[in-house]
Amino acid sequence: MASDRIIVVGAGHIGIACAHYLRQDGYEVTVIDQGRIGDACSRANCGFVAPSHVLPLTTPQKIRDGLLSIFRPRAAFRIKPQLRASLYRWLFQFARRCTHRQMLEAGRALRSILEASASEYRELLADPAMDCEWHDSGLMFLFAAEEALGEYAKVNEMLAGNFGLSAKLIPGDQLAQLEPALRDGLAGAFLYEDDGFLRPDKLNATWSHRLRNDGVTFVEDCRLDRIEKTTGSISALHTTRGEMKADQYVFATGAWSSLLAKDLECDIPIEPGKGFSVTMESPELMPKRAMLSEEAHIGITPFDGGLRIGSMMEFAGFDDSLPNFRIQQLKDAAAMFLKQPVGAVDTHTWYGWRPMTWDSLPIVGRVPRLSNALLAAGHNMLGLTLAPVTGKIIADILAERPTSLPIEALSPARFS
């Protein structure tokens with residue numbers, strides 16, 4: 001078993017993590033990607049490692065937000081009308097799950113894997129060689145309006161009662177002591193002290209470098225064109241770099257995974273949820289902590305030498321435009337909270353497609369009809385946070401190791 005060859009398709013956070021745990025088990029691992037290592041959504045996200053994010057996107061409020069967004073092209077959460085039957089099927093299934101009961105059910109599964117992933121990160125980042133600007137200073141949920149703060153206090157109480165999660169309330173008049181970069185007059189914040197943040201591109205670079213030194217092969221600019229199959233298994237991958245063969249195949253293909261549904265002979269209900277970010281030179285008054293605002297739909301992350309603002313969610317298919325108004329929206333939203341919300345120069349503007357499932361749970365496990373294929377995709381907005389536990393689950397499945405994690409809830413077979 002330890003000499004088996006494995007090809008991982010996709011070199012984002014998830015593919016890198018799968019390679020890490022598979023190599024630990026002694027497999028010969030090759031990772032291929034149609035672009036560069038750690039690109040796409042794994043490069044310019046806000047870098048939150050957030051075990052607090054147990055609530056799925058399928059909340060009752062999202063139905064109302066989605067319907068209204070059809071008539072509001074600049075809404076932070078937007079569904080763009082399209083002539084795609086797959087989108088409306090996805091939205092129908094998503095809406096069915098926007099109930100309090102199903103929200104809690106999905107949240108329990110997420111809580112389990114989020115805790116496990118945070119534990120794996122603590123072990124992984126204890127290695128000094130993993131230089132990725134890791135900060136374990138928590139994540140602040142900011143509120144400008146007293147009403148919004150009060151509403152979230154109810155959510156915090158629900159999280160404590162159902163998931164054992166409780167944030168520390170920071171009243172508005174105490175915020176400046178904790179974070180001098182914040183504007184006066186804010187209502188307050190909730191601080192999730194077990195969360196942290198890191199710089200995602202540095203994580204990708206240091207992690208892949210470590211894996212190369214450990215014998216993992218990475219092949220960039222290698223697009224998968226066709227999957228060759230014999231009865232019940234994959235026999236080869238045909239790529240722009242030629243034919244590639246292995247004993248097992250792991251598809252960590254993010255938002256593009258649904259395009260493989262026919263070849264993998266299973267339903268993969270993943271829709272691309274488009275997000276945006278802008279990275280800029282550090283303003284003179286730089287925040288010290290990572291922050292998130294549900295009011296303004298943004299995340300704010302201070303990195304060494306730069307400030308990143310990101311978020312938004314557009315269901316617009318694989319739309320590849322980067323409208324200036326979206327970048328300006330991010331800056332305007334940050335101005336609600338920061339005394340100096342922008343730096344002198346934008347160093348990088350970005351968009352990417354998050355892999356969104358209709359039940360807000362990732363798809364991790366064996367593909368039902370192909371004996372040597374596994375899927376590791378559909379992580380919604382938690383790809384960075386859930387990368388280590390995903391890699392561990394894939395390795396455990398291949399090794400047939402027992403696990404207490406809810407792998408049945410994540411299995412691709414749940415859509416059959």
Side-chain angles (χ1 to χ4, degrees), residues 41 44-57 59 61-62 65 76-77 107 110-111 114 118 133-145 147-156 158-159 163 165-172 175 178-179 181-183 186-200 273 275-280 286-303 306-313 326 329-339 341-342 350 352 354 360 379-386:
C41 274
N45 60 71
C46 284
F48 298 156
V49 176
S52 66
H53 280 34
V54 300
L55 286 185
L57 191 65
T59 61
Q61 177 66 24
K62 280 296 183 287
D65 292 346
F77 177 84
L110 283 171
R111 177 62 167 154
L114 284 164
E133 299 183 28
W134 166 242
H135 300 269
D136 59 356
S137 50
L139 177 62
M140 294 179 67
F141 278 51
L142 293 171
F143 296 91
E147 182 180 359
L149 181 70
E151 285 300 312
Y152 194 80
K154 299 174 187 176
V155 174
N156 185 56
M158 183 269 290
L159 291 173
F163 305 108
L165 272 172
S166 186
K168 180 180 179 182
L169 173 62
I170 313 295
L175 278 176
L178 192 66
E179 180 51 80
L182 290 173
R183 294 183 59 179
L186 299 179
F190 283 91
L191 175 64
Y192 287 91
E193 296 178 289
D194 290 336
D195 290 1
F197 69 95
L198 51 78
R199 183 150 185 156
F276 303 86
S277 75
V278 55
T279 309
M280 61 195 74
M286 182 77 162
K288 298 178 294 185
R289 296 173 180 271
M291 309 171 196
L292 188 147
S293 166
E294 294 192 346
E295 272 177 294
H297 302 282
I298 57 164
I300 300 170
T301 315
F303 295 130
L307 181 70
R308 179 167 295 164
I309 309 167
S311 195
M312 307 292 173
M313 177 69 75
R326 283 299 192 192
Q329 273 184 293
L330 293 173
K331 295 178 181 180
D332 291 345
M336 292 173 57
F337 302 98
L338 298 178
K339 292 176 181 175
V342 297
W350 170 91
R354 309 177 185 99
S360 292
H379 290 77
N380 297 274
M381 294 180 285
L382 294 172
L384 174 60
T385 298
L386 291 175

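What you see is a predicted model; the values in this text were computed from it and never measured.
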Review point. Just by distance, do the side chain of Asp195 and the backbone of Phe48 share a donor-acceptor pair under 3.5 Å?
Key: no
Review point. Can any side-chain N or O of Ser277 pair as donor or acceptor with the backbone N or O of Ala44 at less than 3.5 Å?
Key: yes
Practice item. Decide if atom CG of Asn156 counts as having more than 12 heavy atoms of other residues, nucleotides or ligands within a radius under 6.0 Å. Key: yes
Review point. Any idea how Phe197 and Phe303 line up, ring-wise: parallel (<30°), tilted (30 to 60°), or perpendicular (>60°)?
Key: tilted
Check your understanding: When rounded to the nearest 0.5 angstrom, what is the spacing between CE in Met312 and NE2 in His297?
Key -> 8.5 Å
Check your understanding: If you look at every heavy atom in Pro51 and Val49, which pair is closest and at what distance?
Key -> CD-O, 3.3 Å
Check your understanding: Would you call the rings of Phe141 and His53 parallel, tilted or perpendicular if under 30° counts as parallel and over 60° as perpendicular?
Key -> perpendicular
Check your understanding: What's the shortest heavy-atom distance between Cys46 and Gly299, and which atoms?
Key -> SG-O, 3.7 Å
Check your understanding: For Leu382, does its backbone N or O pair with a side-chain atom of Asn380 as donor and acceptor, under 3.5 Å?
Key -> no
Check your understanding: Are side-chain heavy atoms of Phe143 and Leu186 found at a separation under 4.5 Å?
Key -> no
Check your understanding: Can you find a heavy atom in the side chain of Met313 that is under 4.5 Å from one in the side chain of Met381?
Key -> yes
Check your understanding: Heavy atoms, side chains only, cut-off 4.5 Å: are Leu110 and Leu55 in contact?
Key -> no
Practice item. Compare all side-chain heavy atoms of Arg289 with those of Leu191 and state whether any distance is below 4.5 angstrom. Key: yes
**Study point:** Spacing of NZ belonging to Lys168 relative to CE belonging to Met140, to within rounding of 0.5 Å
**Key:** 10.5 Å
Revision key, fill the gap. For Leu175 and Ile170, the nearest pair of non-hydrogen atoms, with its separation, is CD2-CG2, 3.7 Å
Review point. Roughly how far, to the nearest 0.5 Å, is CG of Leu182 from CE of Met336?
Key: 12.0 Å
Review point. Does the side chain of His135 reach to within under 4.5 Å of the side chain of Leu198, using non-hydrogen atoms?
Key: no
**Study point:** Nearest heavy atoms of Trp350 and Cys41, plus distance in Å
**Key:** CZ2-CA, 3.7 Å
Check your understanding: Donor-acceptor pair, Glu193 side chain versus Ser137 backbone, under 3.5 Å?
Key -> no
Exercise for review: Let me see the working for Ile300 and Leu307 under side chain to side chain contact (heavy atoms under 4.5 Å, CB included), right down to the final yes or no.
Suggested key: CA-CA 7 Å; Ile300 300 170; Leu307 181 70; 3.8 Å; yes
Practice item. For the residue pair Arg308 and Thr279, confirm or rule out a side-chain donor-acceptor distance under 3.5 Å. Key: yes
Point to revise | Shortest non-hydrogen contact from Gly310 toward Leu330 | key: C-CD2, 3.9 Å
**Study point:** Check: Glu179 and Met291 side chains under 4.5 Å, non-hydrogen atoms
**Key:** yes
Exercise for review: Go through Leu149 and Tyr152 one step at a time and tell me if the side chain to side chain contact (heavy atoms under 4.5 Å, CB included) criterion holds.
Suggested key: CA-CA 5 Å; Leu149 181 70; Tyr152 194 80; 5.7 Å; no
Exercise for review: Kindly compute the distance separating CG (Leu114) from CG (Asp194), expressed to the nearest 0.5 Å.
Suggested key: 12.0 Å
Exercise for review: Could you pull out the closest heavy-atom pair between Ile298 and Ser311, with the gap in Å?
Suggested key: CA-CB, 3.6 Å
Exercise for review: Evaluate side chain to side chain contact (heavy atoms under 4.5 Å, CB included) for Leu159 paired with Tyr192, printing each intermediate quantity in order.
Suggested key: CA-CA 12 Å; Leu159 291 173; Tyr192 287 91; 3.3 Å; yes
Exercise for review: Mark yes or no for whether Arg183, through its side chain, and Phe337, through its backbone, hold a donor-acceptor pair below 3.5 Å.
Suggested key: no
Revision key, fill the gap. Distance col, row Met286:CE vs Lys339:NZ, nearest 0.5 angstrom, shows 15.5 Å
Check your understanding: Just by modelled atom types, is the Leu57 backbone N or O under 3.5 Å from a matching donor or acceptor in the Ser360 side chain?
Key -> yes
Review point. Side chains of Arg111 and Leu165: does their closest heavy-atom pair fall under 4.5 Å?
Key: yes
